[in-house]
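Take a look at this one; I'll ask things after.
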Amino acid sequence: MAGKLHFSLVAPEREVFSGEVDQVDAAGVEGDFGVLPGHAPFMTALREGPVTVRDGNRTRVFEVKGGFADVTPQGLTILAEQASEAAAS
Amino acid sequence: MASLKDMRNRIGSVKATQKITKAMQMVAAAKLRRSQDAAQNARPYAERMASVISNLAAGITGEGGPVLLKGTGRDQKHLVVVSAADRGLAGGFSSSIVRAAKEHIETLQAQGKQVAILTVGKKAVAPLQRMFPGQIVQSFDLSGSRTVNLETAQPIAEEIARRFEAGEADVVTLFYSRFKSVISQQPSRRPLIPAAVEGEAAPIDLGGAAYEYEPSEEEILETLLPRNLTTQVLSALLENQAGFYASQMTAMDNATRNAGDMIAALTLSYNRQRQAQITKELIEIISGAEAL
């Protein structure tokens, strides 16, 4: 399946990121994980840590504090207590 | 009849009032835009949260499940959270919320339920104190904080959760004003506990696949539900704030227009009186001259 993954990162105050991407890596409470398009439905709590979004050869990193990741066939949603984009690396 | 000088003073004071209401209207309009944006930006989070919870709730069957989601199963003690404004001069904004809450509380009391009230915002306190003396268990005053954010909602949500866990309430309902549009705010009721699994957030079709949870389903729900409570409170506060400014803007717009009408009427009668006086003086001079 060569589709894209719909990813949205939402904080209580605003939607931080929303769009189609290739891959998202995040830090779950039971270990880091990566999500590719077509991932099985999956839900986990998140640790404090970076969320890396890869799209083509572009990479964006967000600092996320507390929250949940929810993977459905429609895409990945991260509900974060606090989220902000880390300084460009 | 008032003297000309009195009327001049009167016109001057109405003009001063008009300037104030006009300024307040413009301030409210500017703040409205900001709080409307804030309310809008908070919506995706609340919506996702609702759909995640309804997803989880659908997965939990039979007995058990967290009480925050299902309630205690009893329906005797009610906690009514009334969230109104902190300031006045906004037309019937706060009183319409209080009225909606009052109707609800009276219905509950007629059914013999125990009702405790928790208020948010100064303007809810006095009328509810009068109507239901001694039933306000706690009041939150938000007039100190300039913006509404997660830190504002957190203590309120924690207090609600604490009272619920202490067995002081079986059912928690929140009253606030839903921001429909700039000209329409609707006093609304939102059940907090048991959590309302909203019908609009349709469970996501998983295509037959099973959900995997890390850690377990229960543990996720346990941390998610208090957070959902905070989110619900926050979104109500944000809607309230937007509604308050919209209501204030409308009220001040009306006040400015009324002041304008009043100035026109006063100026008219002032001019009439002035002319009448001039005419009278002329007659006196002419008849004085004729007498000579």
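Each chain gets a letter, A, B and so on, in the order the sequences are listed, and its residues count up from 1. Computed from a predicted model, the values in this text were never measured in an experiment.
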Max heavy-atom pair count under 4.5 Å with chain B, selected residue of A:A45, A:A69, A:G66:
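Greatest number of close heavy-atom pairs with chain B: A:A45.
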Might you confirm whether atom CZ of A:R58 has over 12 heavy atoms from other residues, nucleotides or ligands at distances under 6.0 Å?
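For A:R58, atom CZ is not crowded (no more than 12 foreign heavy atoms under 6.0 Å).
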Is it true that, when you exclude A:R14 itself, more than 12 heavy atoms of the residues, nucleotides or ligands shown sit nearer than 6.0 Å to its CZ?
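Count not over threshold, so no.
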Separation of A:L79 CG from B:R48 CZ (nearest 0.5 Å)
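Reported to 0.5 Å precision, the distance equals 8.0 Å.
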Mind ranking B:A38, B:A153, B:P44 by heavy-atom pairs under 4.5 Å with chain A and telling me who comes out on top?
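So the answer, after comparing B:A38, B:A153, B:P44, is B:P44.
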By a 4.5 Å heavy-atom criterion (distance strictly below it), what part of A:S8 contacts chain B: side chain, backbone, both, or neither?
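Only the side chain of A:S8 comes within 4.5 Å of chain B.
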Side chain / backbone / both / neither for B:R227 at chain A, heavy atoms under 4.5 Å
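Side chain only.
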Region of B:L224 that comes under 4.5 Å of a non-hydrogen atom in chain A:
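For B:L224, backbone and side chain are both near chain A.
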If you count heavy-atom pairs under 4.5 Å with chain B, which of A:G31, A:G28, A:A80 comes out on top?
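Counting heavy-atom pairs under 4.5 Å, the top option is A:A80.
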Could you tell me which portion of A:A11 (side chain, backbone, both or neither) has an atom closer than 4.5 angstrom to a non-hydrogen atom of chain B?
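When you check distances to chain B, only backbone atoms of A:A11 fall under 4.5 Å.
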Kindly compute the distance separating CD (A:Q82) from CG (B:L150), expressed to the nearest 0.5 Å.
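These two atoms lie 8.0 Å from each other.
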Quick one: pull up CD in A:E15 and CD in B:E47 and give me the separation to the nearest 0.5 Å.
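Output value for this atom pair is 9.5 Å.
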